[in-house]
Amino acid sequence: MSTFTLKNNALFAENVALTDIANRFATPCYVYSKSALIQAFESFSAGFKDSNHLVCFAVKSNPNLAILNLFAHLGAGFDIVSGGELARVLAAGGDPKKIVFSGVGKTAAEMQAALNAGIFCFNVESRSELIRLNTVAGAMGKVAPVSLRVNPNVDAKTHPYISTGLKNNKFGVAYDDALNIYLEAAKMPHIAIHGVDCHIGSQITELSPFLDAFDRVLALVDALEQQGIHIQHIDAGGGIGICYSDETPPQFGAYAAAMQEKLGQRKVKLVFEPGRALVGNAGVLLTKVEYLKPTESKNFAIVDAAMNDLMRPALYDAYHEIQAVTPRDTPAISYEIVGPVCESGDFLGHDRTLALEEGDLLAIMSAGAYGMSMASNYNSRPRAAEVMVDDETCHLIRARETVADLFALEHTLPKA
Ligand SMILES: *Cc1c(COP(=O)(O)O)cnc(C)c1O
């Protein structure tokens, strides 16, 4: 998080004071550091520099066009989960030949769009999807490149809502069924088997679940080879965690070394789908204290950002560090940091020790992933602005929504 640092008692993003960003673009506002994004991508990739590999940024973690465009320039591919994300990647200048398409519910229209774009691979999550893809590709006179997403049945040891590799999840095909589905796929005229895929969850802070899953995938790759089905790439998914408070997620280098060691001499391209690990600590949510409200049991700091802007605390009880943008030296007390939304679950942090006055700015740290991407308009709140800082320069990368935007698509009933 070195790109968000205190200088002369004021919090900066690179070389821009967050106070200046608030004055210029108002609050709430997402602020990203360009150098932190670049650094995360380069350091993830560095571990694989001697291997045939492709890093596909998981678009759903932060789909802003400027971020996609930045990663595209760095040579990234993209992991998409919808036709909307496909369109975003193409609009941002992403290379279709570096796109993998994940997700359990791909529609025929989404398959057509991806086939037309000429993507790298479909990560197929069920037998029914495989059959549909064969039909859709056939009608277009095309052959679809495919991996099966296998469910290795390993415990990612993360929050149950973001754990995807256990056999009771909706994701992927059961490990024990995978070989038979591959054999079936091998006979389909409009399916070309390219890879094997797995993704076991998100915010994983230990190496062992990745390695256990990879062992199972490699065993399947070897079994397929014996059946005469040659696998060209293995997609190991995403899910590497970040530090929100005191977690110690695997270092990229250690992860890369361990995965390559397991791969051994197999001539297979490695594909990865990191999201959070590339953007999470490259962004903060800047917010202003509207009211301080002491009550009998708690002190509330009511801020102008809310669960609609950053849903993770309300959804997963997730922890985000909260820092004063201009720390005061007056005595600090414990605050509940809450938003204006009409839900008791609308909080950004519990029991935070801060010295605050009304009008102060706060930075909700580690908000670059699953922040703006999960934002909604609940309570008819326009979504926040997004700003990218590059050294001493600020770029508005998404304008603040207006209230008029919120109901632009709505119609009242015709007069009776
Ligand atoms: C969400 C998701 C990712 C990215 O997960 P992170 O934890 O953000 O790295 C990668 N692959 C698939 C299939 C996903 O659903």
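Whatever order the structure lists them in is the order used to number ligands and atoms, beginning at 1. Just so it is clear, the values below take in all heavy atoms, side chains as well, and ignore hydrogens, waters and symmetry mates. Numbering starts at 1 and runs along the sequence shown.
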Tell me: protein heavy atom nearest atom 8 (O) of ligand 1, and distance?
Y370 OH, 2.5 Å
State, without any angle test, whether S51 and Q260 hold a side-chain donor-acceptor pair at a distance under 3.5 Å.
yes
Please identify which atoms of ligand 1 are closer than 4.0 Å to at least one heavy atom of S102.
13 (C)
R398 and E401 ion-paired at < 4.0 Å
yes
Examine the side chains of Y378 and E343 and answer whether a donor and an acceptor come within less than 3.5 Å of each other.
yes
List ligand 1 atoms under 4.0 Å from R276, heavy atoms only on the residue side.
6 (P), 8 (O), 9 (O)
Side chain, backbone, both or neither: which part of E273 has a heavy atom under 4.0 Å from ligand 1?
both
Distance col, row Y244:OH vs T205:OG1, nearest 0.5 angstrom, shows 11.5 Å
Need the ligand 1 atom indices (1-based, order shown) with element for anything under 4.0 Å from a heavy-atom of R149.
13 (C)
Report, in ascending order of atom number, the atoms of ligand 1 lying under 4.0 Å from any heavy atom of P274.
9 (O)
Heavy atoms only, cut-off 4.0 Å: how does I204 contact ligand 1, side chain, backbone, both, or neither?
neither
Check N153, V150, V196 against R216 for a side chain to side chain contact (heavy atoms under 4.5 Å, CB included) and give me the one that passes.
N153
Identify, by atom number and element, the atoms of ligand 1 in contact range of G238, meaning under 4.0 Å from any of its heavy atoms.
9 (O), 10 (C)
G275 heavy atoms, cut-off 4.0 Å: which ligand 1 atoms fall inside?
6 (P), 8 (O), 9 (O)
Protein contact of atom 2 (C) of ligand 1 - nearest heavy atom, named by residue and atom, plus distance
K60 NZ, 2.2 Å
Would you say S147 and H233 are linked by a side-chain donor-acceptor pair, where the criterion is simply a distance under 3.5 Å?
yes
Any nitrogen or oxygen of G239 lying under 3.5 Å from a nitrogen or oxygen in ligand 1? Just yes or no.
yes
Say whether S202, considering both its backbone and side-chain N or O atoms, lies within less than 3.5 Å of an N or O atom on ligand 1.
yes
Ion pair D215/K262, N-O distance below 4.0 Å
yes
Do you know which of L218, D222, L220, V221 makes side chain to side chain contact (heavy atoms under 4.5 Å, CB included) with I231?
V221
